[in-house]
There are 2 protein chains.
Amino acid sequence: MVNVELVKSPVVRPDERGHEADHPTSLVAAFGMDQPLRLDCGIDLAPFQIAYQTYGTLNADKSNAILVCHALTGDQHVANINPITGKPGWWQTLVGPGKALDTERYFIISSNVLGGCMGSTGPASTNPATGKIWGLDFPVITIPDMVRAQAMLIDSLGIGQLFCVVGGSMGGMQTLQWTAAYPERVFSALAVACSTRHSAQNIAFHELGRQAVMADPDWRGGRYFEEGTHPHRGLGVARMAAHITYLSDAALHRKFGRRMQDRELPTFSFDADFQVESYLRYQGSSFVERFDANSYLYLTRAMDYFDIAADHNGKLAEAFRDTQTRFCLMSFTSDWLFPTAESRDVVHALNAGGVRVSFAEIETDKGHDAFLLDVPEFLDIAGAFLNSAASVRGLPVTGA
Amino acid sequence: MVNVELVKSPVVRPDERGHEADHPTSLVAAFGMDQPLRLDCGIDLAPFQIAYQTYGTLNADKSNAILVCHALTGDQHVANINPITGKPGWWQTLVGPGKALDTERYFIISSNVLGGCMGSTGPASTNPATGKIWGLDFPVITIPDMVRAQAMLIDSLGIGQLFCVVGGSMGGMQTLQWTAAYPERVFSALAVACSTRHSAQNIAFHELGRQAVMADPDWRGGRYFEEGTHPHRGLGVARMAAHITYLSDAALHRKFGRRMQDRELPTFSFDADFQVESYLRYQGSSFVERFDANSYLYLTRAMDYFDIAADHNGKLAEAFRDTQTRFCLMSFTSDWLFPTAESRDVVHALNAGGVRVSFAEIETDKGHDAFLLDVPEFLDIAGAFLNSAASVRGLPVTGA
């Protein structure tokens with residue numbers, strides 16, 4: 001366990017050409033002035049670009065493509081070494097040769113979301129109208145906006161129907177939005193640890209994070225790049241708050257309990273006496289090295305606004321009525337950010353809409369983070385669902 | 001619902017004589033250089049003072065005194081208009097004429113804790129050795145230190161045994177510490193929504209709050225009074241985080257849900273669109289007007305350090321073995337800060353120690369805050385417990 005204070009850290013900075021230069025390994029789909037993205041707020045965004053990664057090979061009839069959608073602080077580097085952190089891809093438990101999302105059979109696409117900070121257009125990009133970094137002048141985006149941009153990416157790859165859309169947490173929200181907005185383009189959908197809308201408590205935690213960022217004088221009303229500062233302290237605090245919600249009480253107890261850090265007796269100070277304190281500080285300080293503060297504001301806002309039922313007179317079942325998409329939803333018993341009861345509500349709505357859906361509630365004490373961890377039951381069920389859908393779609397299956 | 005931004009607010013400032021001058025309505029017990037308080041950290045604190053309030057009349061044999069212990073951000077103003085906020089006392093549901101803690105029968109004492117900011121000696125007091133405000137030079141204190149100071153206050157009032165010690169949350173921790181440290185001085189004890197030690201998640205939330213305060217450049221390493229600043233933004237964020245933990249998910253849903261603030265459609269901005277956002281911002285901004293940031297650090301630290309069993313070789317039952325004190329513990333089903341299972345563990349330890357204890361788990365969706373609210377079942381059981389103890393003690397009972 002490393003005892004790290006929240007320190008000022010170098011942060012990924014966009015250069016004058018836009019920050020795609022920081023991601024030489026990512027592909028970029030660029031959309032010009034003639035291909036604007038109509039946003040929910042009413043603004044046409046153009047030009048813009050989406051950074052993405054692919055794994056595996058698209059088959060001849062383009063029927064084996066899977067889109068992986070990332071969570072709040074994820075990115076397109078699902079199954080390769082992340083060029084910023086040097087760490088393995090964030091979903092290598094699920095994606096790779098022989099895994100549930102088998103890169104030897106499927107063509108996996110993962111894009112950085114609109115509003116993100118890993119190569120897709122977002123608040124850290126240059127506003128072509130001013131030549132300056134967008135900052136808070138960037139339009140407020142929504143989950144449907146993200147999905148609309150992804151659909152344009154999929155169009156640009158010449159793919160009509162995705163074999164599957166897969167995602168957890170914010171990625172699960174995108175997955176469900178895909179099925180609501182483009183049912184005919186989604187053969188199957190795997191949505192994990194998510195919901196069709198944020199609860200009041202979810203919004204409260206996100207608002208806390210945003211206020212932590214905005215309370216940092218170095219945030220400068222969002223103009224920190226121009227002013228040569230960075231709200232690393234506020235963003236670090238926001239990350240600490242979020243991180244607590246990603247773990248269960250039981251997981252924190254198991255990992256840390258009340259154990260002290262390299263000592264047996266308290267120091268009677270404000271040092272990180274307890275291991276859990278040191279862990280949180282480390283989570284905060286390492287996050288600010290890889291994430292843009294304004295992107296954090298925009299993406300949390302998009303999650304808070306998300307409400308599929310609201311677009312269907314409050315009737316969730318209507319959003320999915322008679323879709324032919326095959327669904328699998330999964331939740332984790334100790335996830336208190338997206339409680340399993342919310343997944344059940346979505347399943348009931350899908351049932352009411354006459355939709356083919358399977359649901360698995362995974363027993364684990366690992367909390368919301370379970371979807372990113374090596375939880376065999378989750379990975380096995382995901383693999384079985386994909387195999388079953390592949391069989392119906394006429395794609396190769398494992399063990400066949 | 002008021003839509004309030006986190007704004008710079010005037011804060012209670014100690015004057016040159018120490019900040020007791022801000023609390024003209026409170027009594028003060030002052031202890032001189034000849035009456036040092038031996039702290040757990042090994043330091044003798046002298047001089048120091050404890051500010052307190054009393055309600056009702058002490059009877060001739062001094063057998064009707066009840067000590068009320070306050071929670072983290074509470075104070076001595078249990079049942080009178082708070083001179084700082086102008087609001088009613090924080091436990092007027094429980095304390096007053098004809099109420100469970102009946103001021104017509106009992107003599108109620110409530111003191112601001114050591115380390116607090118409402119007249120008792122704390123980090124905002126003047127360090128007599130330097131003539132400057134203590135700030136972070138104030139020694140780190142513990143729950144046992146607070147209780148030791150309270151015992152000196154009770155001594156100064158000439159009271160040998162308290163008829164009852166009562167408290168919720170951090171006040172419940174003090175209550176349990178009283179029974180462990182001074183069993184012969186506590187005839188009965190009512191501990192609500194508390195625990196004998198903080199969980200890893202409890203510590204994590206407190207550390208988040210401390211880091212939010214310390215991340216504010218206006219905190220100035222704790223020397224904000226001298227430097228004419230105040231970490232109002234950081235303290236406001238800390239309060240927002242804490243406030244989320246005081247309410248249940250269900251209570252937030254019932255109070256706010258996803259309802260918008262004075263509008264039906266989102267603004268596509270970072271304004272407080274949702275009522276829950278506005279509510280949290282208000283909680284943050286109003287708190288910084290009444291509370292000292294360094295006190296917040298010290299009191300959260302004291303709660304994190306608290307662990308009664310640790311002083312008894314990890315055996316909680318040993319801390320209470322064969323005490324004659326009559327206990328009542330109460331918890332609330334939707335309290336996720338001090339889950340009801342933790343109260344059960346304390347009850348089991350008391351049972352194992354051969355102690356007389358009753359336990360009530362109150363069904364409510366109001367979360368941790370329930371102990372401060374008008375929850376009839378809670379108030380009724382508290383009154384019945386006090387009545388029963390009064391009968392045994394030979395004190396008047398209601399309806400008799």
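Computed from a prediction, not measured in an experiment: that's the story for all the values here. Below, chain A is the first sequence line, B the second, and so on; all start at residue 1.
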Student: Determine whether Arg233(B) and Gln211(A) make a side-chain contact, defined as any pair of heavy atoms from C-beta on separated by less than 4.5 Å.
Tutor: no

Student: Counting only heavy atoms closer than 4.5 Å, note whether Asp40(A) contacts chain B via side chain, backbone, both or neither.
Tutor: both

Student: Could you pull out all residues at least two apart from Asp145(B) that satisfy side-chain hydrogen bond (donor to acceptor under 3.5 Å, both in side chains)?
Tutor: Thr142(B), Arg148(B)

Student: Can you tell me which portion of Asp216(B) sits under 4.5 Å from chain A's heavy atoms? Options are side chain, backbone, both or neither.
Tutor: neither

Student: Hey, does Trp336(A) have a side-chain heavy atom less than 4.5 Å from the side chain of Asp249(B)?
Tutor: no

Student: If you count heavy-atom pairs within less than 4.5 Å of chain A, which of Leu39(B), Thr267(B), Leu208(B), Leu265(B) leads?
Tutor: Leu208(B)

Student: Looking at Gly257(B), Ser269(B), Ala241(B), Ala310(B), which has the largest count of heavy-atom pairs under 4.5 Å with chain A?
Tutor: Ser269(B)

Student: Heavy-atom cut-off 4.5 Å, strictly under: side chain, backbone, both or neither for Leu136(A) against chain B?
Tutor: side chain

Student: Pick one of side chain, backbone, both or neither for His198(B), based on which atoms fall under 4.5 Å of a heavy atom in chain A.
Tutor: both

Student: Tell me which one of Leu252(A), Val276(A), Leu280(A) satisfies side-chain contact (heavy atoms from CB on, under 4.5 Å) with Ile203(B).
Tutor: Val276(A)

Student: How close do Ala215(B) and Val237(A) get, heavy atom to heavy atom, and via which atoms?
Tutor: CB-CG2, 4.1 Å

Student: Within this structure, what is the CZ-OG1 distance for the pair Phe205(B) and Thr245(A), rounded to the nearest 0.5 Å?
Tutor: 7.5 Å

Student: Heavy-atom pairs under 4.5 Å with chain A: which of Lys255(B), Arg258(B), Arg210(B) has the most?
Tutor: Arg258(B)

Student: Atom NE2 of residue position His312(B) - does it have more than 12 heavy atoms of other residues, nucleotides or ligands inside 6.0 Å?
Tutor: yes

Student: So which of Ala212(A), Ser199(A), Pro217(A) has the largest heavy-atom pair count under 4.5 angstrom toward chain B?
Tutor: Pro217(A)

Student: Contact between Phe268(B) and Arg301(A) at the side-chain level, heavy atoms closer than 4.5 Å - yes or no?
Tutor: no

Student: For Tyr305(B), what residues pass the side-chain hydrogen bond (donor to acceptor under 3.5 Å, both in side chains) criterion, not counting sequence neighbours?
Tutor: Asp273(A)

Student: Between His243(A) and chain B, which part of the residue has a heavy atom less than 4.5 Å away: side chain, backbone, both or neither?
Tutor: neither

Student: A side-chain contact here means heavy atoms from C-beta on lying under 4.5 Å apart; do Glu207(A) and Phe274(B) qualify?
Tutor: no

Student: Roughly how far apart are Phe270(A) CZ and Asn294(B) CG, rounded to 0.5 Å?
Tutor: 7.5 Å

